[in-house]
Undergrad: 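Below you'll find the structure I mean.
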There are 2 protein chains.
Amino acid sequence: MASVFSSPQASGGPRSLAKILDAARGVLSEHGYPALTIEAVAAAAGVGKSTIYRWWPNKEALVADALAEVFRADDIPDLGDTHAELRYAVDMTIDNYANEDIAASLPALAAGLLPHPELMSRFREAFLFRKRENIAVALRRAVRRGDLPDDLDTDLVQDIWAGTILYRRLMTGSPLDADLAEHLVRLVTDKPARRAGG
Amino acid sequence: MASVFSSPQASGGPRSLAKILDAARGVLSEHGYPALTIEAVAAAAGVGKSTIYRWWPNKEALVADALAEVFRADDIPDLGDTHAELRYAVDMTIDNYANEDIAASLPALAAGLLPHPELMSRFREAFLFRKRENIAVALRRAVRRGDLPDDLDTDLVQDIWAGTILYRRLMTGSPLDADLAEHLVRLVTDKPARRAGG
DNA sequence: AGCAAACGATACGTATCGTCTCGTTTCCGG
DNA sequence: CCGGAAACGAGACGATACGTATCGTTTGCT
């Protein structure tokens, strides 16, 4: 998969992207986000600073690219069982945000990209929407089975899942365990009483 | 209310905290987070840098203090109506995260505090738990009324509310409107079918 | 072989951080 | 109303990182 934030030119093309992305992940894992400077990545990659700046506009874009390759965006398998499929989706999301490198970088990433709408939307594309579409497929499948209501707001469901998980990870520090996953799935599958069926 | 991150000494005590906090909010509102440097705040407050560093360990702590005063943490009024009370709580949360200054600063704040557990926990205290306890009171009131299940996990409810709202604000950019508020309230009040009544 | 793109090294100017020193102002007790 | 201590303003300072620019070298395509 090509990188999202780098801008390979027409002919010839970059020769050191992979080396740089690997080095970025390495620095991040070994020394943490505060140590992740362009100069440190360049040194770890055995590369000149200019080479990094040739392909990425700034540090956040580089980190986003480096992490995008670690971010899971599986197709949700058709298991014939709605509960199991949604659990798969939630577990995948938990997996992503439980990842040390990702969790440690996301706030700084968001902070750095927020003032740059162009980069921010590319970030959303790479990080969120790729995964979201796969989960949406599973949700629509569940609707077709009759397990979820026709008017289900799939975006809201995903905002709730990802939002809760991320919030727990970054703000409250509560565990991201099977219990949470189960709650989040049931939040969607246990339909409201709807005032009639009582 | 005293500030959370500053550390006023025994006697004498600081004379310029308010001036500095006001200046910080001013710079933030007028020029945005990237312009919020210690030097800019000092200049805007008509204060020496050293005065700021005397009372706050770093920029994040200062910003956290400045924003904590803007953060709403109302008591949820006893309206006799669970739905209305929870809606009040959700609206308040939306209000907080819809605030330009707060939303623009939160990621940078989280990024800066994350590597410092001590500051991070003081931040949680000031920003989250004050508000959460007030909302928890309303939730427990609703349980007592029989409108919510006895085993309600109030922390999870709040993680879902705040998480979803914050995620929408920072990541997807979806609107934080009455529709969302209503959905989030119903998520809690429309009890699951519980496998029996269905 | 030849050319252009990609590269590495590295110097440079700018910005901000957080520390420090020093002389001045403010406050409080006596 | 005086004197000392704390708080203060100004700003110099070293360290670090950013992002740009220059330049000679390597790489890979034709």
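Residue numbering restarts at 1 for every chain, and letters A, B, ... go by the order of the sequence lines.
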Undergrad: In B/S/- notation, 5' to 3', how is nucleotides 13-27 of chain D contacted by protein heavy atoms closer than 4.0 Å?
TA: ----SBBBB-----S

Undergrad: Check the distance between C:dT21's C1' and B:Arg54's CZ and give it to me in whole angstrom.
TA: 12 Å

Undergrad: Inspect the surroundings of CG in A:Asp78 and state if more than 12 heavy atoms from other residues, nucleotides or ligands are less than 6.0 Å away.
TA: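 Yes - once you tally the heavy atoms of other residues, nucleotides and ligands closer than 6.0 Å, there are more than 12.
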
Undergrad: Look at B:Thr51 and D:dC8 and indicate whether a side-chain polar atom (N or O) is within less than 4.0 Å of OP1 or OP2.
TA: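 False: B:Thr51 side-chain N/O out of range (4.0 Å or more) of D:dC8 OP1/OP2.
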
Undergrad: Do A:Arg124 and B:Thr172 have a side chain donor and acceptor closer than 3.5 Å?
TA: no

Undergrad: Pick out which of B:Val90, B:Asp179, B:Thr93 makes a side chain to side chain contact (heavy atoms under 4.5 Å, CB included) with B:Leu184.
TA: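 Answer to the side chain to side chain contact (heavy atoms under 4.5 Å, CB included) test with B:Leu184 among B:Val90, B:Asp179, B:Thr93: B:Val90.
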
Undergrad: Under 4.0 Å between a side-chain nitrogen and a carboxylate oxygen: does that hold for B:Asp159 and A:Arg169?
TA: no

Undergrad: Is the count of non-hydrogen atoms from other residues, nucleotides or ligands lying under 6.0 Å from A:Asp177 atom CG greater than 12?
TA: yes

Undergrad: Report yes if at least one side-chain N or O of A:Trp55 is closer than 4.0 Å to OP1 or OP2 of C:dC7; otherwise report no.
TA: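 Affirmative; the distance criterion is met.
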
Undergrad: Would you please indicate if the ring centroids of B:Phe71 and B:Phe127 are separated by under 6.0 Å?
TA: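 B:Phe71 vs B:Phe127: aromatic centres under 6.0 Å.
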
Undergrad: Just how far, in rounded Å, is P of D:dG9 from CG of B:Leu17?
TA: 11 Å

